[in-house]
Amino acid sequence: MQKHYNQYDETVESTRLANGMKVIVNPKPQFNSIYAMLTADFGSINVRLKNRTVPAGIAHFMEHKLFDKEHYDSSDHYAALGASDNAFTSFAQTSYLFTATDNVIENLRVLLDLVYHPFFSPEKIAKEQGIIGQEILMYQDDPNSRLYFDTIANLYSNSPLSADIAGDIPSIAQITEADLYATYRQYYQPGNLTLTLCGPVTLAEILPVLQTLPTTQGDQAELRRLKQQTKRDIQNSVVIPQRETSLSVTTPKLAVGYRGPAPTRTGRDFAQQELAFGIFLQLLFSEDSDIYQHLYQTGIINDSFGFDFEMEADYHFLILAMDTEQPERFSDAIGNVIEQALQDPQRLAPQFNLIKNEELGERISQMNSVSAIANQLGTALDGYTNLFDEIEIINQLDLKTVVKLAQAFFRASQKTINLIK
């Protein structure tokens, strides 16, 4: 399938291979560099197998181990080809990527080999347990990291979301060769993978390489069943209203978390809801908003203030955080600001177009970045809504729609307050 965006003279090509893997390409013949990313719809929350669960942190552990083959490391092959590589794991996905200016097809072969040919052994697992263990200890000593993950744990206690993405020392110590292979077979099925590319390459040029991949498809029905169970685990979790932790910090750190209702929309509607709520938050808390300036000038917030909004198939939360000696004042003020905006949305009207234009401008500037485009070529959840589609959606948004979606989030939300001092 091919879709052309006349306004930007951009084309997005896509197909689904016989083995089920989705492939999306934005050809940019005038560019010198290429960015490619292969994503598994498999993150740290996916710890369920058919008859058991596997240790927390296994998705991140597998991300590390897939580079390490029996007789070589994939990063060395990238380096020999002049490419830069990386990978990351989130709650909901694991992605492997490379950037290069030459040897596109050869680098693509390395990426496919990396993901399609796992090799796990007890000796290599033991070595990685030590390496990741050090990484976990480093983050546990980081107050900002603790504040973020502990707040999410408050919002979704005793669910897969309450565990750190990397797991903890005891959980990764339990990971075995059998766990890794069983999890790989379950979640790295081609139908659960999406390859996105942006740069001087076309779908037709890479198809011969992709057609050499195994044609075997996994058990998609079982995969859907496991994901539904994970969704129920998250939705049935309980919110812990308040938590206080002692750590060595100069100034207390406070996070206010809101857990919204589980998203019910999919496809382009999901993308619209996500974009609309992002604009609502920018209207309240971006540095260009009048509300932010008022909060800043009255000392309620300072330069350490920040917020994070996450929306996936199974969860939907907002975290606002700051270093403050007056946590109650900050918490109360944030709650009041949100409530006033929901009750009197017309006060947001004078800045609505400004914030909307900023969102549009940001995306237009991203059109010069192969990484930004490749990262926003969409997912199955949002119906593969890409960067160019997002501009169209934002253009169509009005204040009434934005506020209505924000009201739906906050009116059904539950709140937690997490303090580190």
Side-chain angles (χ1 to χ4, degrees), residues 91 139-140 142-159 161-162 164 234 237-262 277-311 315-345 347-348 351 355 402-403 405-421:
F91 288 118
Y139 282 111
Q140 285 182 341
D142 179 349
N144 289 322
S145 177
R146 285 287 302 276
L147 186 70
Y148 180 71
F149 285 108
D150 287 354
T151 303
I152 298 171
N154 278 9
L155 292 172
Y156 301 91
S157 65
N158 297 315
S159 81
L161 265 179
S162 66
D164 191 297
I234 292 172
S237 64
V238 176
V239 175
I240 298 173
Q242 195 156 356
R243 177 187 291 187
E244 189 172 310
T245 308
S246 294
L247 274 181
S248 179
V249 291
T250 305
T251 305
K253 293 180 177 292
L254 181 74
V256 180
Y258 292 88
R259 169 178 165 175
F277 196 67
I279 288 177
F280 179 80
L281 296 174
Q282 292 294 325
L283 278 164
L284 270 58
F285 301 121
S286 76
E287 292 186 12
D288 293 326
S289 83
D290 290 343
I291 294 172
Y292 175 96
Q293 289 301 323
H294 172 73
L295 293 171
Y296 189 88
Q297 289 165 10
T298 53
I300 294 172
I301 63 173
N302 55 40
D303 291 336
S304 67
F305 173 77
F307 65 91
D308 181 70
F309 166 57
E310 298 284 338
M311 182 174 166
Y315 56 87
H316 192 192
F317 65 78
L318 166 68
I319 295 175
L320 305 108
M322 195 183 78
D323 298 350
T324 177
E325 297 285 1
Q326 299 177 291
E328 289 186 6
R329 184 184 183 217
F330 170 71
S331 174
D332 291 345
I334 290 296
N336 290 336
V337 160
I338 293 170
E339 191 57 35
Q340 289 170 14
L342 297 177
Q343 290 182 355
D344 181 19
R347 68 197 301 255
L348 305 175
Q351 287 196 301
I355 297 298
V402 167
V403 171
L405 290 169
Q407 287 172 335
F409 174 89
F410 284 108
R411 294 285 152 76
S413 69
Q414 300 179 73
K415 182 178 175 182
T416 190
I417 295 175
N418 188 27
L419 178 66
I420 293 180
K421 66 178 184 179

Run the side-chain contact (heavy atoms from CB on, under 4.5 Å) test on Tyr148 and Asn144 for me, step by step, so that the C-alpha distance in whole Å, both residues' side-chain angles and the decisive distance to 0.1 Å come before the verdict. CA-CA 6 Å; Tyr148 180 71; Asn144 289 322; over 6 Å; no

Walk me through it: do Tyr258 and Ile338 pass the test side-chain contact (heavy atoms from CB on, under 4.5 Å)? CA-CA 11 Å; Tyr258 292 88; Ile338 293 170; 3.8 Å; yes

Would Asn418 and Leu147 count as a side-chain contact (heavy atoms from CB on, under 4.5 Å) here? Give the steps. CA-CA 7 Å; Asn418 188 27; Leu147 186 70; 3.8 Å; yes

Worked check of side-chain contact (heavy atoms from CB on, under 4.5 Å) between Phe91 and Ile152: CA-CA 11 Å; Phe91 288 118; Ile152 298 171; 3.7 Å; yes

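Closest approach of Arg146 and Ile420 over heavy atoms only: CB-CD1, 4.0 Å. Taking each heavy atom of Gln414 and Leu155 in turn, the nearest pair found is O-CD2, 4.1 Å. Asn302 and Asp323 make their closest contact through ND2-O, 3.1 Å (heavy atoms, listed as atom of the first residue, atom of the second, distance). When every heavy atom of Leu320 is checked against every heavy atom of Phe330, the shortest pair comes out as O-CE2, 4.2 Å. Closest approach of Pro252 and Lys421 over heavy atoms only: CB-CB, 3.9 Å. The minimum heavy-atom distance between Leu342 and Phe280, with the atom names listed, is CD2-CZ, 3.7 Å.
Remark: the Asn154 side chain and the Thr416 side chain contain an N/O donor-acceptor pair separated by less than 3.5 Å. Neither side chain, Ser286 nor Asp288, offers a donor N or O lying under 3.5 Å from an acceptor on the other.
Annotation: the span from Leu283 atom CG to Arg347 atom CZ amounts to 11.0 Å, rounded to 0.5 Å. Taking CD of Gln351 as the start and CD1 of Ile291 as the end, the distance is 7.5 Å to the nearest 0.5 Å. Interatomic distance, Leu419 CG to Thr151 OG1, rounded to the nearest 0.5 Å: 10.0 Å. Here the CD-CD distance, from Gln282 to Glu287, works out to 10.0 Å after rounding to the nearest 0.5 Å. Considering CZ of Phe307 and CD1 of Ile301, their distance stands at 10.0 Å, rounded to 0.5 Å. Atom OG1 of Thr245 sits about 13.0 Å away from atom NZ of Lys253, to the nearest 0.5 Å.
A 4.5 Å side-chain heavy-atom check between Met322 and Leu254 finds every atom pair outside the cut-off. By the 4.5 Å heavy-atom criterion applied to side chains, Leu295 and Phe305 are not counted as neighbours. The closest side-chain heavy-atom distance from Gln407 to Val403 is below 4.5 Å. Counting heavy atoms from C-beta outward, Lys415 and Ser331 have side chains that approach closer than 4.5 Å. Side-chain atoms of Phe277 and Leu405, non-hydrogen and from C-beta on, never get closer than 4.5 Å to each other. In this structure the side chain of Ser237 never reaches within 4.5 angstrom of the side chain of Leu161, judged on heavy atoms. By the 4.5 Å heavy-atom criterion applied to side chains, Gln140 and Asp164 are not counted as neighbours. A heavy-atom distance below 4.5 Å is found between the side chains of His316 and Phe309.
With hydrogens and angles ignored, the 3.5 Å screen pairs a side-chain donor or acceptor of Ser159 with a backbone N or O of Tyr156. Remark: the backbone N or O of Ile240 is not paired with any side-chain donor or acceptor of Ser157 at under 3.5 angstrom.
Heavy-atom neighbours of Phe410 CZ from other residues, nucleotides or ligands within 6.0 Å: above the threshold of 12. The neighbour count for Gln293 CD, taken as heavy atoms of other residues, nucleotides or ligands under 6.0 Å away, is above 12.
Qualifying ring pair (Phe, Tyr, Trp, His ring centres under 6.0 Å) partners for Tyr315, counting only residues two or more places apart in sequence or in other chains: Phe317.
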